[in-house]
Amino acid sequence: MVNRRKFIKASALSSMALSFGKVAACNSQSFPVKGKAVVISTWDAGLRANKAAWEVLKDGGRALDAVEKGVMVTENEQNCCVGLGANPDRDGFVTLDACIMDEFSNCGSVAFLERIKHPVSVARRVMEKTPHVMLVGSGAQQFAVAEGFPLEEQKLSPDAQKNYDNWLKKSEYKPPAINVESKQGHGPFAPYKLENGEWNHDTIGMIAMDANGNLSGSCTTSGAGFKMRGRLGDSPIIGAGLFVDNEVGACTATGQGEDVIRVAGSHTVVELMRQGLSPEKACKTAIERIMRIKGEKAKDIQVGFLAVNKKGEVGAFAIHKGFSYAIKTNSVEEMVNSKYIME
Ligand code: ASP
């Protein structure tokens, strides 16, 4: 049984944290869910997605099926963040990225995919039916159609339409600078801060461990809202937005994709767990690496990592307050606020 009182409290102030402000503890994590099936996913849409994943896991189903079924729920929801109704690129087109990875290190990915409702399922077909890992753009769409996925009409959700109309008023493309040294600023806003101070987000990443202790993960997104046409973030990139090593653990990422790619984020977290770090400590170490690279610009971006190790322990860490994840086991179903470095 998970006992919330046993959650680990915020770690001691690290030198990194001191240089960027105060370390804060929210509801904590590191769930000891040993030997039991568990599914975790990023942000609050994860609660609904986990329910669908649990339908697979509770009957002893495979983690791979769970993570596909789970995020399909989010792809189906007409919202501003994931799926065909999500925030478009700056030219008004919704372009979708997704990937999936199983316990045998099989993986598949699609990116810059238009007019297809379930990119995660196309990613799975790439994994299972082609000799490749990644298909993009019109080639990915052609493959999807050949596999029987219907070509849909793009229809923005009311939220995404409103967001895009607002954005068009200024059409301002002012992404935060990528690197404090080079002063090159080409990255889009992913996620960006909303007027109420919360961080917008555009992704669901999910990891499941099934009753056999096998791990799989999935990640699906519309990418950064109002991005440059053709831009890809971390989400469809194996090792960046998602990585699974069935001997060690798995990780998924959300936030400013460019900065997750820069440190091969999810792979880095898994490698840190391989060295013996807990999921939470591994996520924190990867976050600190990004913050070291970004310097002062770290305050302008959000990145969050969510990981599970082979023992079934779960942990997360983010640059800023506001990242949360959903967890479901046979005894727990709730949202957990990630720890973070900065308010
Ligand atoms: N990581 C995603 C991207 O950069 C966005 C997000 O997680 O909100 O495309």
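One-based numbering, in listed order, for ligands and for the atoms of each.
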(request) Would you check the N or O atoms of G255, main chain and side chain alike, for any that come under 3.5 Å of an N or O of ligand 1? (result) yes
(message) Just to check, does K227 reach to within less than 4.0 Å of ligand 1 when the distance is taken from its heavy atoms?
(response) no
(request) Report yes if T221 has an N/O atom closer than 3.5 Å to an N/O atom of ligand 1; otherwise report no. (result) no
(message) Is there a polar contact between ligand 1 and R231, counting only N or O atoms under 3.5 Å apart?
(response) yes
(message) Looking at every non-hydrogen atom in both residues, tell me the closest pair between A111 and D97 and how far apart they are.
(response) CA-OD1, 3.4 Å
(request) Any atoms of ligand 1 less than 4.0 Å from a non-hydrogen atom of A224? List them with their elements. (result) 9 (O)
(request) Evaluate side chain to side chain donor-acceptor pair (under 3.5 Å) for H320 paired with Q302, printing each intermediate quantity in order. (result) CA-CA 6 Å; H320 289 278; Q302 171 68 310; 5.2 Å; no
(request) Any atoms of ligand 1 less than 4.0 Å from a non-hydrogen atom of T254? List them with their elements. (result) 6 (C), 7 (O), 8 (O)
(request) Please say whether the positively charged group of R229, taken as NZ for Lys or CZ for Arg, lies over the ring of F93, i.e. under 6.0 angstrom from the six-membered ring centre and within 45 degrees of the axis. (result) yes
(request) Pull out every atom of ligand 1 sitting under 4.0 Å from any heavy atom of S235, numbered as shown with elements. (result) 1 (N), 2 (C)
(request) Consider every N or O of D234 and every N or O of ligand 1, then say whether any pair is closer than 3.5 Å. (result) yes
(message) Hydrogens and angles aside, do S41 and N50 bring a side-chain donor and acceptor to less than 3.5 Å of each other?
(response) yes
(message) Does ligand 1 come near enough to G223 that some N or O of the ligand is less than 3.5 Å from an N or O of the residue?
(response) no
(message) I need the full list of ring-ring contact (aromatic ring centres under 6.0 Å, His included) pairs touching residues 47-74, with sequence neighbours left out, sorted by first then second residue.
(response) none
(request) Please could you name the atoms of ligand 1 that G257 approaches to less than 4.0 Å, counting only its heavy atoms? (result) 4 (O)
(request) Could you name each residue pair satisfying ring-ring contact (aromatic ring centres under 6.0 Å, His included) that touches residues 227-259, not counting sequence neighbours? (result) F243-H267
(request) Go through the side-chain N and O atoms of E68 and S218 and say whether any donor and acceptor fall under 3.5 Å apart. (result) no
